[in-house]
**Q** 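Dumping the structure here so I can ask a few things about it.
Just so it is clear: chains get the letters A, B, ... in the order the sequence lines come, proteins before strands, and each one is counted from 1. This is a predicted model, so every value here is computed, not measured.
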There are 4 protein chains.
Amino acid sequence: MGSRERRAREKKNRKEQILDAARKLLLKDGLAMTSVNRIAKKAELSVGTIYFYFAGKEDVFAELQREGLEILYGEILSKTENTDSPEKKLTDCARIYLHFSEKHSDYFDVINYFLSQPRIVFSNGVKKSIDEQGAKILKHMEQIVVEGVRGNLFTESRPGNFAGFFWASIHGLVQVKKLRGTVIESENFTDFYMYGVNQLIQSIRRNQ
Amino acid sequence: MGSRERRAREKKNRKEQILDAARKLLLKDGLAMTSVNRIAKKAELSVGTIYFYFAGKEDVFAELQREGLEILYGEILSKTENTDSPEKKLTDCARIYLHFSEKHSDYFDVINYFLSQPRIVFSNGVKKSIDEQGAKILKHMEQIVVEGVRGNLFTESRPGNFAGFFWASIHGLVQVKKLRGTVIESENFTDFYMYGVNQLIQSIRRNQ
Amino acid sequence: MGSRERRAREKKNRKEQILDAARKLLLKDGLAMTSVNRIAKKAELSVGTIYFYFAGKEDVFAELQREGLEILYGEILSKTENTDSPEKKLTDCARIYLHFSEKHSDYFDVINYFLSQPRIVFSNGVKKSIDEQGAKILKHMEQIVVEGVRGNLFTESRPGNFAGFFWASIHGLVQVKKLRGTVIESENFTDFYMYGVNQLIQSIRRNQ
Amino acid sequence: MGSRERRAREKKNRKEQILDAARKLLLKDGLAMTSVNRIAKKAELSVGTIYFYFAGKEDVFAELQREGLEILYGEILSKTENTDSPEKKLTDCARIYLHFSEKHSDYFDVINYFLSQPRIVFSNGVKKSIDEQGAKILKHMEQIVVEGVRGNLFTESRPGNFAGFFWASIHGLVQVKKLRGTVIESENFTDFYMYGVNQLIQSIRRNQ
DNA sequence: GATGAATGAGCCTTCATTCAT
DNA sequence: GATGAATGAAGGCTCATTCAT
């Protein structure tokens with residue numbers, strides 16, 4: 001009775017152990033250097049064990065992506081509940097996304113990896129859980145837009161579209177960060193970023 | 001004298017020869033499968049020769065990126081010169097970018113590669129020429145905005161910022177394409193994309 | 001008592017269950033891809049269980065070989081009982097062997113595997129049962145020869161030898177199938193095969 | 001001038017060096033244990049170097065097969081030129097084949113490997129040179145049969161077919177060697193083998 | 001009886017890069 | 001200028017087998 005539970009717990013732990021190692025490597029050496037062999041070494045497990053718990057390399061990363069999205073969702077949720085203003089909420093979302101890309105650059109790189117990679121095939125379950133996690137975030141943003149529309153602050157007939165657009169845009173903005181000072185003239189990236197965010201909101205702001 | 005010219009021409013040819021091979025491989029097998037050894041085989045040159053003309057693998061890709069940006073610039077230029085309306089011009093830029101990402105997906109992948117890759121060190125000259133090429137595109141967009149402002153259609157005090165923001169956004173939008181139908185609800189991506197583009201323009205449109 | 005029976009039956013079932021899985025994999029993916037782990041997964045059993053019922057991987061295959069030989073024996077038996085002519089009986093044996101190698105290519109591959117593999121150690125019982133199964137087939141052929149000799153159709157003082165020789169030869173012929181059109185000139189393999197079989201019989205045919 | 005020659009010679013030597021190692025491993029540990037990594041280690045070369053000279057693992061083995069067939073051909077040629085009797089020549093061919101399978105068991109295993117392996121794809125050139133080598137052997141046997149027919153010793157209208165059949169049969173006989181004492185009753189394998197060979201010849205021997 | 005987690009050596013192959021010629 | 005042989009670490013992954021529970 002207790003045995004089965006313990007088994008399950010241990011299994012959970014092993015997975016966590018592997019993901020911990022992967023996360024650390026990701027943060028330290030970047031995605032390209034995070035191979036299964038190195039994860040195994042870092043986790044003090046055998047390669048075989050990694051493959052016992054994960055279908056493959058991409059599977060590990062996929063799990064990390066899910067994790068990252070979960071964290072992001074949590075942060076967005078907690079930081080936007082104390083505000084009434086939908087506009088401020090959206091701004092906060094964007095601010096959090098930038099902050100997330102800096103503080104959790106490991107997770108962000110993974111998200112970016114899957115977004116940039118030409119073609120990756122997921123086992124169905126994995127894909128679904130990632131999509132769900134991502135959808136939750138977009139749903140939340142959509143909800144903020146709906147609030148704003150109800151409060152006569154925003155004018156937008158397709159809040160779902162806007163949410164997707166909003167996220168895609170701030171993702172693009174974050175990605176462009178490394179070009180500051182050259183292609184992107186502004187040396188102060190945060191300024192530039194917040195300028196962009198403001199424009200995005202401006203595009204649905206109801207004119208008085 | 002004539003000899004020196006021939007030398008220079010041959011050298012130019014060699015570089016072109018290498019880039020041709022790289023381009024073909026890129027187009028056929030994608031970025032991941034385009035290794036120096038394969039380029040050499042395709043170009044019917046020795047690996048050593050590649051390294052004589054290029055500092056390394058990334059250097060070859062960088063050159064391709066410059067090429068890609070050049071093509072993109074050319075397309076933008078030619079497609080936006082027949083219009084007067086700045087708004088239409090911007091819309092066309094966006095349309096071209098999407099089209100470019102589809103038709104020249106090889107080049108687009110390279111651009112994406114350098115944008116997503118955490119940290120790459122370029123030899124100075126290469127970086128400069130890429131930046132210049134990229135800057136030219138942004139400068140062109142900036143100019144369109146300036147036109148719009150002059151014509152009292154747009155209201156924007158920092159057209160340079162807007163150009164950067166505009167490009168970052170449409171890049172993000174294009175990247176998000178593969179999520180259509182899941183995270184991005186809209187199944188018709190072009191609709192979604194053009195919706196976003198419209199929002200972007202809306203954000204600087206002067207209210208009547 | 002009843003319990004013991006059930007035990008035995010379940011045990012039998014487990015073995016069957018494992019062999020079923022192995023057989024399916026063999027048929028679907030070939031011998032090389034049929035690993036213990038995959039068998040376990042297919043059989044919905046744990047790897048450990050496989051090792052409880054079988055000494056190892058080779059043991060499973062050995063059992064399949066026995067099975068294959070059993071099937072072969074059955075087919076030979078049933079197809080040769082309606083004929084009187086010993087010559088026709090031998091021809092039929094050969095025909096069946098070729099057919100078997102095509103229709104039951106999975107089983108044939110296993111037989112071939114053990115025949116080609118330099119050195120494999122079997123647990124004694126397994127080896128014995130295989131040998132018995134194989135011997136039964138040869139015994140049957142030998143019997144046909146004896147018949148022929150009695151009927152004054154064949155002349156052969158060592159029918160056991162001939163049976164072994166006959167089988168070895170047709171096995172060699174079947175194996176050589178993949179060389180048709182190159183090393184083996186004849187494009188029509190069945191023609192070539194039946195030519196060989198006829199020669200074999202010719203070698204014991206009594207001259208009139 | 002001399003440099004190019006030396007290059008070519010060294011290249012030849014390297015290939016030989018690799019094949020030497022492969023051959024040794026093959027003889028010592030068998031085919032299954034002869035991996036590219038082990039070949040490299042044995043040859044005191046890097047893995048990469050193996051792949052510089054051979055397209056892959058199968059390519060190395062293919063070359064060995066060609067080598068083996070060449071040796072076999074040489075032996076057959078030299079041992080059958082001092083005889084006049086076609087019958088003795090055929091018997092000698094068979095004797096040599098058995099001897100070859102024992103003395104050059106490494107080469108024989110490779111031949112057997114390619115014959116038993118369900119499906120192997122060769123680069124075209126390799127396949128061709130193997131086939132040619134094999135065909136040469138069969139052609140030689142065919143010639144012997146033709147001689148016999150001319151000398152009124154054999155009666156055979158399709159000597160090409162017989163050559164293929166002859167080789168397939170003796171190959172099958174050799175393969176069955178490991179079953180001596182069980183399925184193959186005869187404990188003295190050479191007796192059994194020569195019995196078979198005699199039968200084969202008997203099948204084309206003209207009756208007096 | 002049965003489980004399934006764990007091992008880790010081993011598989012084939014590709015890679016960017018160097019350097020003597 | 002150009003060659004191409006050589007490197008060897010690293011890649012992802014599979015394997016038969018063991019063993020504590």
Side-chain angles (χ1 to χ4, degrees), chain A residues 2-4 6-8 10-11 13-15 32-41 43-60, chain B residues 7 10-11 14 32-41 44-60, chain C residues 7 10-11 14 32-41 43-60, chain D residues 3-4 6-8 10-11 13-15 32-41 43-60:
Chain A
S3 172
R4 187 192 296 206
R6 190 169 49 72
R7 276 281 182 87
E10 269 176 9
K11 192 152 180 169
N13 287 346
R14 274 277 181 272
K15 273 203 140 183
M33 304 240 56
T34 304
S35 69
V36 176
N37 286 280
R38 295 190 73 210
I39 292 174
K41 199 156 283 177
E44 293 180 303
L45 290 169
S46 68
V47 217
T49 304
I50 311 286
Y51 280 91
F52 183 78
Y53 287 97
F54 293 91
K57 192 202 186 185
E58 309 278 80
D59 218 49
V60 179
Chain B
R7 284 279 184 80
E10 268 178 6
K11 187 153 182 171
R14 279 271 184 274
M33 305 240 63
T34 305
S35 69
V36 176
N37 287 277
R38 290 168 63 108
I39 293 172
K41 193 159 282 176
E44 292 180 308
L45 289 170
S46 66
V47 226
T49 306
I50 311 280
Y51 278 91
F52 182 79
Y53 288 98
F54 292 92
K57 190 203 188 185
E58 311 277 86
D59 226 49
V60 180
Chain C
R7 283 279 183 82
E10 269 178 7
K11 188 152 181 170
R14 279 273 183 273
M33 305 241 61
T34 305
S35 69
V36 177
N37 287 277
R38 290 168 62 108
I39 294 173
K41 195 159 281 178
E44 294 180 306
L45 289 170
S46 67
V47 224
T49 306
I50 312 281
Y51 279 91
F52 183 80
Y53 287 99
F54 292 92
K57 191 202 185 185
E58 312 277 86
D59 225 49
V60 179
Chain D
S3 172
R4 189 190 296 203
R6 190 170 48 73
R7 275 281 181 84
E10 269 177 8
K11 191 152 180 171
N13 286 346
R14 274 276 181 274
K15 271 203 142 184
M33 303 238 59
T34 305
S35 69
V36 176
N37 285 280
R38 295 190 71 209
I39 293 174
K41 201 156 281 176
E44 293 181 304
L45 290 169
S46 68
V47 221
T49 304
I50 311 286
Y51 279 91
F52 183 78
Y53 287 97
F54 293 92
K57 193 202 186 185
E58 309 278 83
D59 218 49
V60 179

**Q** By side-chain hydrogen bond (donor to acceptor under 3.5 Å, both in side chains), which residues pair with Ser46(C), not counting sequence neighbours?
**A**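 Residues passing side-chain hydrogen bond (donor to acceptor under 3.5 Å, both in side chains) with Ser46(C): Thr49(C).
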**Q** Looking only at heavy atoms, what is the nearest atom pair of Tyr51(D) and Val36(D), with distance?
**A**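 Minimum heavy-atom contact is CE1-CG1, 3.4 Å.
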**Q** When you compare dG1(E) with dT21(F), how far apart are their C1' atoms, in angstrom units rounded to a whole number?
**A**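 Per the computed distance, 13 Å lies between those C1' atoms.
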**Q** Show me the protein contacts with nucleotides 14-18 of chain F, counting only N or O atoms at under 3.5 Å.
**A**
unit_1: dC15(F); atom_1: OP2; unit_2: Ser35(C); atom_2: OG; d: 3.2
unit_1: dA16(F); atom_1: OP1; unit_2: Lys57(C); atom_2: NZ; d: 2.9
unit_1: dA16(F); atom_1: OP2; unit_2: Val36(C); atom_2: N; d: 2.9
unit_1: dA16(F); atom_1: N7; unit_2: Asn37(C); atom_2: ND2; d: 2.8
unit_1: dT17(F); atom_1: OP2; unit_2: Tyr51(C); atom_2: OH; d: 3.0

**Q** For Glu44(A) and for Glu44(C), find the nucleotide of DNA chain E with the closest heavy atom, then tell me which residue's nucleotide is more 5'.
**A**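 With Glu44(A) and Glu44(C) compared, the 5'-side residue is Glu44(C).
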**Q** Quick one: the dot-bracket string of DNA chain E, using Watson-Crick and G-U wobble pairs with both distances under 3.5 Å, [ ] for crossing pairs and | for bases paired to another strand.
**A** .||||||||||||||||||||
**Q** Where do Lys15(A) and Tyr53(A) come nearest, in terms of heavy atoms and distance?
**A**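 Closest approach of Lys15(A) to Tyr53(A): CE-O, 3.4 Å.
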**Q** Figure out the CG/P separation between Asn13(A) and dG4(E), and round it to whole Å.
**A**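 My rounded result for the distance is 18 Å.
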**Q** Reckon Arg14(C) has a side-chain N or O less than 4.0 Å from the OP1 or OP2 of dG1(E)?
**A**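 No, Arg14(C) has no side-chain N/O under 4.0 Å of OP1/OP2 on dG1(E).
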**Q** How close do Lys57(D) and Thr34(D) get, heavy atom to heavy atom, and via which atoms?
**A**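 In terms of heavy atoms, the two residues are closest at CE-O, 3.4 Å.
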**Q** If I compare all heavy atoms of Met33(B) with all of Arg38(B), which pair ends up nearest, and what's the gap?
**A**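 Shortest heavy-atom separation between Met33(B) and Arg38(B) comes out as O-NE, 2.7 Å.
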**Q** Output the rounded distance in Å from OH (Tyr53(D)) to C1' (dA6(F)).
**A**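 After rounding, the reported distance stands at 8 Å.
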**Q** Expressed as a whole number of angstroms, how long is the span from Ile50(B):CD1 to dT3(F):P?
**A**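 Result: 9 Å.
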**Q** Tell me whether the side-chain N/O atoms of Ser46(C) come closer than 4.0 Å to OP1 or OP2 in dT3(E).
**A**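 For Ser46(C), the contact criterion (side-chain N or O under 4.0 Å from OP1 or OP2 of dT3(E)) is met.
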**Q** I need the minimum non-hydrogen distance between Val60(B) and Phe54(B), along with the two atoms involved.
**A**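 What the structure gives for the nearest pair is CG2-CG, 3.6 Å.
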**Q** Atom CD1 of Ile39(A) to atom C1' of dG11(F): distance rounded to whole Å?
**A**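 One finds 12 Å between C1' of dG11(F) and CD1 of Ile39(A), rounded.
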**Q** Would you mind reading off the distance between Phe54(B) atom CZ and dG1(F) atom C1', rounded to a whole angstrom?
**A**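 For the pair Phe54(B) CZ and dG1(F) C1', the rounded distance is 15 Å.
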